[in-house]
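Below: one structure, written as structure tokens.
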Amino acid sequence: KDGFGHSSVNALLPVYTGGRITAAQAIRAAQVDEAKSNYNLAQRNTFTKLVDYYFGVVLAEQVYQARLDAVDALSNHLNHAVKLEQQGQIAKVERLSAQVSLDRAKIEAQKALRENEIAKLALTKLLKSRTSILPITPLFVNNSLVSVTPFLTKTLQDHPAIAILDAKRKQAKGQVSMANAKHLPTVALYGNYNLYEDDSVAGGLVPDWMVGVGIKIPILERSGTSSEVVAAQSSVRQVNLLSMQMNQDLTILVEKTYAEMSQALEEYNSLESSETLSAETVVLRQKAFSQGLSTSLEMVDAQLFATSIRVQRLSASYSFIKAMARLLAVSGDIDNFIDYLQINGIEVK
């Protein structure tokens, strides 16, 4: 019994799949959008972290300088107290009080130095730098941020978390379409062309080419299609609920962050009069002490109070910057961060 042999090329072109191809393309496009939104969200998170670390170094440096200034002032006061004691104008306890206060100020300066070194190390590691980072942008505040509305509007329009949920919704709807498509017929064009056939009788009966249309109609589906449709539709509803909750959460976040920024700015501005008064008090106490009209303790208290007010204002400006950075990140406006220093910004020293 003789056999026969031949070779051929086959082609199959789906022309109708019940929407499966379109749904699959939509799902893929939504997955790409989701990946882009996740990247955008990561960028914003990195920005806020960088601002925290960068200006944390600036704050630590300025606090350290404030502590050093206090040490210098109290050193001068101690020298003055020693001379007055030698002249018999003040008691020994007055000089000892000045000495104790200076020692405590030195301890605070050492603490500030260590905090400064730790802040620099953290920033250097964050930036993966081999050398220590020296910030050049100062602490600052800006009194021109008068309304939360622009930040809230932009957040609810452009936040990547909303875009991620929208992409999830599109994927869920695509899954609904994919599940429904299993109930629909599939139509495809097919073709065949013989490249080679032998000279046998059987080989001669095979046509050189042929084309046709194939239709597949599901009559009995046992793959759980109905449950897949229900599950996909449930996913759509769940995403819709999450979107509503996300809008509410973002609104609260923006309003809370704006309130924190406003509070820090108010604290900074309110402490201005206290800083002015404390500086004047130090001058008056110095004169009074030299004339025997004030005690060493009163002089020291005035100096330490002036230093504490200075540190509080520095900390308030840092809190302002951190809150503003989070506000700009959540609203997608991080590119304009430095503008708030350069336009109507007030440097804090």
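- Within a 6.0 Å sphere centred on CD of Q43, heavy atoms belonging to other residues, nucleotides or ligands number more than 12.
- The existence of a salt bridge linking K168 and E34 is confirmed by a sub-4.0 Å separation between a basic side-chain nitrogen and an acidic carboxylate oxygen.
- Side-chain contact check for F55 versus T137: some heavy-atom pair is nearer than 4.5 Å.
- Of all heavy-atom pairs between V71 and A109, the closest is CG2-CB, 4.0 Å.
- At a threshold of 4.5 Å between non-hydrogen side-chain atoms, the residues H80 and Q286 do not count as touching.
- When all heavy atoms are compared, the tightest approach of T281 to A302 is CG2-CB, 3.9 Å.
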Run the numbers on E347 and K349 for side chain to side chain contact (heavy atoms under 4.5 Å, CB included), then give the verdict.
CA-CA 6 Å; E347 291 189 14; K349 299 180 180 179; 3.5 Å; yes

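- S97 places no side-chain N or O within 3.5 Å of a backbone atom of V93 that could act as its donor or acceptor partner.
- At distances below 3.5 Å, at least one donor-acceptor pair connects side-chain atoms of Y258 with backbone N or O atoms of S147.
- No salt bridge links R104 with E108; every basic N to acidic carboxylate O contact stays at or beyond 4.0 Å.
- Rounding to the nearest 0.5 Å places CG of L265 at 8.0 Å from CG of N142.
- Between N336 and D333, the side chains place a donor N or O and an acceptor N or O closer than 3.5 Å (distance only, hydrogens not considered).
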Side chain to side chain contact (heavy atoms under 4.5 Å, CB included) assessment of R44 paired with V330
CA-CA 7 Å; R44 298 185 186 198; V330 75; 5.6 Å; no

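- Here the side chains of H159 and M246 are not in contact, with every heavy-atom distance at 4.5 Å or above.
- Checked by atom type and distance alone, the side chain of N344 never pairs as donor or acceptor with a backbone atom of Y340 at under 3.5 Å.
- By the criterion of side-chain heavy atoms lying less than 4.5 angstrom apart, applied directly or through intervening Ile, Leu, Val, Met, Phe, Trp or Tyr residues, L314 is not grouped with L277; the two fall into different hydrophobic clusters.
- Closest heavy-atom contact between S331 and L327: OG-O, 2.9 Å.
- Using modelled atom types, no side-chain atom of S101 and backbone atom of A98 make a donor-acceptor pair closer than 3.5 Å.
- Note that CG of L84 and CG of N79 are 11.0 Å apart. Values are rounded to the nearest 0.5 Å.
- A distance of 12.0 Å separates OG1 of T124 from OH of Y53, quoted to the nearest 0.5 Å.
- Remark: side-chain polar atoms of S270 are not paired, donor with acceptor, to backbone N or O of E267 under 3.5 angstrom.
- Atom CD of E266 has 12 or fewer heavy atoms from other residues, nucleotides or ligands within 6.0 Å.
- Side-chain atoms of Y318 do not come within 3.5 Å of backbone N or O of F140 as any donor-acceptor pair.
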Given L74 and L304, is the side chain to side chain contact (heavy atoms under 4.5 Å, CB included) satisfied, shown in steps?
CA-CA 9 Å; L74 292 175; L304 295 180; 4.1 Å; yes

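- A heavy-atom distance below 4.5 Å is found between the side chains of V348 and Y268.
- Using modelled atom types, one finds a donor on one side chain and an acceptor on the other under 3.5 Å when comparing E298 with S294.
- To the nearest 0.5 Å, atom CD1 of residue I164 and atom CG of residue L41 are 5.5 Å apart.
- Counting heavy-atom neighbours within 6.0 Å of F151 CZ, excluding the residue itself, gives a total above 12.
- If you chain together hydrophobic residues whose side chains sit under 4.5 Å apart, L102 and I107 never meet in one group.
- In this structure the side chain of E272 reaches within 4.5 angstrom of the side chain of R313, judged on heavy atoms.
- The two atoms that bring A119 and A60 nearest to each other are CB-CB, 4.2 Å, heavy atoms only.
- A salt bridge does not link E275 to R310: none of the charged side-chain nitrogens sits closer than 4.0 Å to a carboxylate oxygen.
- Counting only heavy atoms from C-beta outward, the side chains of L123 and L50 approach each other to under 4.5 Å.
- Side chain of T307 to backbone of Q303: a donor-acceptor contact under 3.5 angstrom is found.
- Residue Q312 holds its CD atom at 12.0 Å from OG of S317, rounded to the nearest 0.5 Å.
- In the hydrophobic clustering of this structure, I346 groups with V58; members are Ile, Leu, Val, Met, Phe, Trp, Tyr whose side-chain heavy atoms approach within less than 4.5 Å, directly or through other members.
- In this structure, a donor-acceptor pair under 3.5 Å is absent between the side chains of R95 and S296.
- Judged by distance alone, the side chain of E117 and the main-chain N or O of A112 form no donor-acceptor pair under 3.5 Å.
- In this structure, F47 and F337 have perpendicular ring planes: the angle between them is above 60°, well past the 30° mark.
- In this structure, P138 and L341 approach most closely via the heavy-atom pair CD-CD2, 4.1 Å.
- Put simply, OG1 on T276 and CD on E280 are 8.0 Å apart, with the number rounded to the nearest 0.5 Å.
- F289 and L96 are not part of a single hydrophobic cluster, where members link through side-chain heavy atoms under 4.5 Å apart.
- You'll find the side chain of L139 reaches within 4.5 Å of the side chain of I321, heavy atoms only.
- We find that E260 and K322 are not joined by a salt bridge, their nearest charged nitrogen and carboxylate oxygen being 4.0 Å or further apart.
- Under 4.0 Å is where a charged nitrogen must lie from a carboxylate oxygen, and between R169 and D166 at least one such pair does.
- Within the 4.5 Å cutoff, the side chain of T257 has no heavy atoms near those of the M324 side chain.
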Using the side chain to side chain contact (heavy atoms under 4.5 Å, CB included) rule, take F305 and D301 through it: C-alpha gap first, then chi angles, then the decisive distance, then the call.
CA-CA 6 Å; F305 179 71; D301 286 345; over 6 Å; no

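- Residues V282 and A306 come closest through the heavy atom pair CG2-CB, 3.9 Å.
- L59 and L113 are not part of a single hydrophobic cluster, where members link through side-chain heavy atoms under 4.5 Å apart.
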